[in-house]
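Each ligand, and each atom within it, is numbered from 1 in the order the structure gives.
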Amino acid sequence: MDPHSHARPDEAAATHLDLDIRVDMEQHRIHGTATYQLKRQAGDSVVFDTDGLTIEKVVLGNGSEAKFTLGMPDSILGQALRIALPAGIDKVAITYSTGAGAKALQWLAPVQTADKKHPFLFTQGEAILTRSWIPIQDSPGIRITYNARVAVPKDLMAVMSATNPQERSSDGMYSFSMDKPIPSYLIALAVGDLGFKSTGKRTGVYAERGVVDTAAWEFADMEKMLEAAEALYGPYRWGRYDVIVLPPSFPFGGMENPKLTFATPTVIAGDRSLTGLIAHELAHSWSGNLVTNATWNDFWLNEGFTVYFEHRITEALYGKDYNDMTSVLGYQDLLGDMAQIDSSKHPEDTALHLDLKGRNPDDGMTDVAYEKGYALLRLIESKVGRPKFDAFLRGYFDHFAFRSITTDTFLVYIRKQLMEPDRVAVDLDQWIFKPGLPADVIVPTSRNFALVDEQLVRWGKGAPAKELATKGWGTFEWMQFLRHLAKGQTEQRMNELDAAFHFSASGNSEILAAWLEQCIKNGHEAAYGKLEEFLTTVGRRKFLVPLYQALMATPKGKAVALKIYGKARPNYHAVSVLTMDQMLAWRDHKPPATF
Ligand code: BES
Ligand code: ZN
């Protein structure tokens with residue numbers, strides 16, 4: 001059923017995990033035991049996913065050692081671990097250790113952290129990486145509860161996607177519990193010299209101790225976001241909602257690990273303007289974590305609904321103009337991604353429902369799931385009106401709570417609950433199963449951006465930078481401005497822009513990244529020092545891809561890209577390394593370094 005897992009839940013499915021591990025920050029290794037409670041249905045074995053793990057032994061519930069085999073390694077799926085189960089046995093304890101280069105793990109040396117004194121470890125499970133640090137049935141269609149005991153060096157603190165400590169323990173031992181059934185990709189761990197600061201009754205922020213105060217200021221609206229989300233789609237079911245701010249090599253903007261979102265420090269802009277990302281990860285507490293895509297082919301069920309929900313939260317807090325701007329930027333991202341996919345090996349990836357069998361699921365995780373998914377939900381909303389659509393969504397989250405569903409299950413449900421009773425004229429089959437963007441898509445517009453576009457016209461006609469009417473512009477207006485600078489800006493005009501608006505010195509990662517992209521496209525090499533600094537510290541894939549891509553498209557850029565990448569690569573997480581190695585054809589140039 002799930003093309004990306006070896007598990008056979010119809011024979012035996014895990015229902016609960018007790019994880020007992022020791023984290024070796026020096027050897028870069030996790031060692032311990034994963035004990036599973038099983039629900040058996042048929043057959044005489046249970047199958048788990050592993051990737052690069054060494055399995056030391058497997059002990060059955062009755063205390064005897066089990067026979068097990070490891071299948072042929074597959075570069076994407078890893079190896080199946082098949083354990084023989086005598087009749088009546090419903091518990092197995094797997095003792096294992098992680099391998100070098102475990103894809104979920106990033107071990108950071110002190111220099112790669114904010115405080116430069118302590119090492120750091122974080123995990124990234126989505127999509128199919130959890131199997132590289134825990135032997136597990138690694139399919140989003142299988143849900144388990146878990147408890148964990150984690151031993152770390154005494155001067156460090158551990159946190160997970162579970163109940164968390166707010167202070168360091170004296171002995172480096174930490175206990176965790178997640179009592180709601182979750183899919184494997186949401187099991188997560190971070191270890192470092194962490195501090196905690198509360199931002200409200202149910203919310204707070206973890207970060208390296210020197211970063212906690214800045215992070216808590218930036219995310220001051222967390223509690224309000226949580227209340228806005230609940231007012232829309234029902235009670236938050238996970239207890240606390242905290243965020244951990246990770247070091248800058250974190251490959252994503254955010255990851256919705258339950259109870260504890262993992263976030264990039266690049267959303268700390270100093271003006272709270274990028275916290276829509278928190279609204280997004282929080283929204284996943286309903287769309288994704290409560291109702292989960294059963295396979296990665298159904299990824300749009302996670303992300304499309306979350307982008308819709310994110311916009312509703314930010315609209316409630318920051319108003320319609322904010323929302324219009326982020327919708328337009330998202331639509332631009334969608335058109336950009338669709339154009340790239342159309343000319344790729346897999347033009348069918350512009351359909352919402354994917355067919356990723358035999359491929360790395362990561363390859364199909366594009367803005368299509370996010371923004372075409374969002375566009376479909378907005379279209380349906382516009383046809384039935386908000387009150388009905390909100391009631392539908394609330395019912396959907398309740399109906400499928402703590403379950404993993406396929407696109408087909410969703411389709412049956414929405415047809416019966418909404419499309420048929422309300423005679424909604426939207427061709428769901430076309431939107432979901434066919435490539436491309438249907439003609440009835442609602443193209444978002446923004447009045448703030450209309451004003452930006454006027455200034456772009458003036459700039460194009462030669463107006464001096466200082467005379468542009470930019471008063472009151474925030475992050476999104478600047479992004480719109482920078483994204484639409486005409487090709488062929490001269491050196492003098494680029495200098496003029498930077499002198500007037502200080503883009504190169506911007507502490508806002510979105511503005512800086514958009515500016516650097518224009519610097520590359522316009523051959524403004526004065527900014528290449530800044531570019532190198534950015535690319536060697538930040539590992540967020542969303543920024544890396546367009547910057548390296550722009551470099552590769554310039555005549556001299558390929559050499560520059562490879563030079564910077566050679567330096568930066570050891571700082572990147574395996575997820576970003578995989579993408580960039582492919583994009584830059586790295587293996588054809590240099591022997592692969594170990595990460
Ligand atoms: N779940 C995703 C991150 C993800 C996607 C990890 C696919 C692995 C595979 C997360 O919720 C997300 O979408 N993050 C975005 C930010 C968001 C505001 C669009 C990101 O990381 O940029
Ligand atoms: Zn998301």
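Ring geometry for Phe309 against Tyr233 counts as perpendicular: the plane angle is over 60°, on a 0 to 90° scale with 30° as the lower cut.
Of the listed residues (Trp107, Phe262, Phe252, Phe250), just one forms a ring-ring contact (aromatic ring centres under 6.0 Å, His included) with Phe122, and that residue is Phe250.
Taking the six-membered ring wherever Trp is involved, the centroid distance between the rings of Tyr374 and Tyr370 does not fall below 6.0 Å. The aromatic ring centroids of Trp238 and Phe402 lie less than 6.0 Å from each other.
In this structure Asp51 satisfies the side-chain contact (heavy atoms from CB on, under 4.5 Å) test together with Lys103, Arg131, Ser132, sequence neighbours excluded. Annotation: side-chain contact (heavy atoms from CB on, under 4.5 Å) contacts of Pro438 (sequence neighbours excluded): Lys372, Gln430, Trp431, Asp440. Residues meeting the side-chain contact (heavy atoms from CB on, under 4.5 Å) test with Ser382, sequence neighbours left out: Leu379, Ile442.
Centred on the Zn ion (ligand 2), the angle running from Glu303 (OE2) to His280 (NE2) is recorded as 160°, rounding to 10°.
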Short N or O separations between ligand 1 and the protein, below 3.5 Å:
unit_1   : atom_1 : unit_2 : atom_2 : d
ligand 1 : 1 (N)  : Glu126 : OE1    : 2.7
ligand 1 : 1 (N)  : Glu256 : OE1    : 2.7
ligand 1 : 1 (N)  : Glu256 : OE2    : 3.2
ligand 1 : 1 (N)  : Glu303 : OE2    : 3.0
ligand 1 : 11 (O) : Glu256 : OE1    : 3.0
ligand 1 : 11 (O) : His280 : NE2    : 3.2
ligand 1 : 11 (O) : Glu281 : OE1    : 2.7
ligand 1 : 11 (O) : Glu281 : OE2    : 3.2
ligand 1 : 11 (O) : His284 : NE2    : 2.9
ligand 1 : 13 (O) : His280 : NE2    : 3.2
ligand 1 : 13 (O) : Glu303 : OE1    : 3.4
ligand 1 : 13 (O) : Tyr370 : OH     : 2.7
ligand 1 : 14 (N) : Gly254 : O      : 3.3
ligand 1 : 14 (N) : Glu281 : OE2    : 3.3
ligand 1 : 21 (O) : Gly253 : N      : 2.5
ligand 1 : 21 (O) : Gly254 : N      : 3.3

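Among the backbone and side-chain atoms of Glu256, none of the N, O or S atoms lies under 2.8 Å from the Zn ion (ligand 2).
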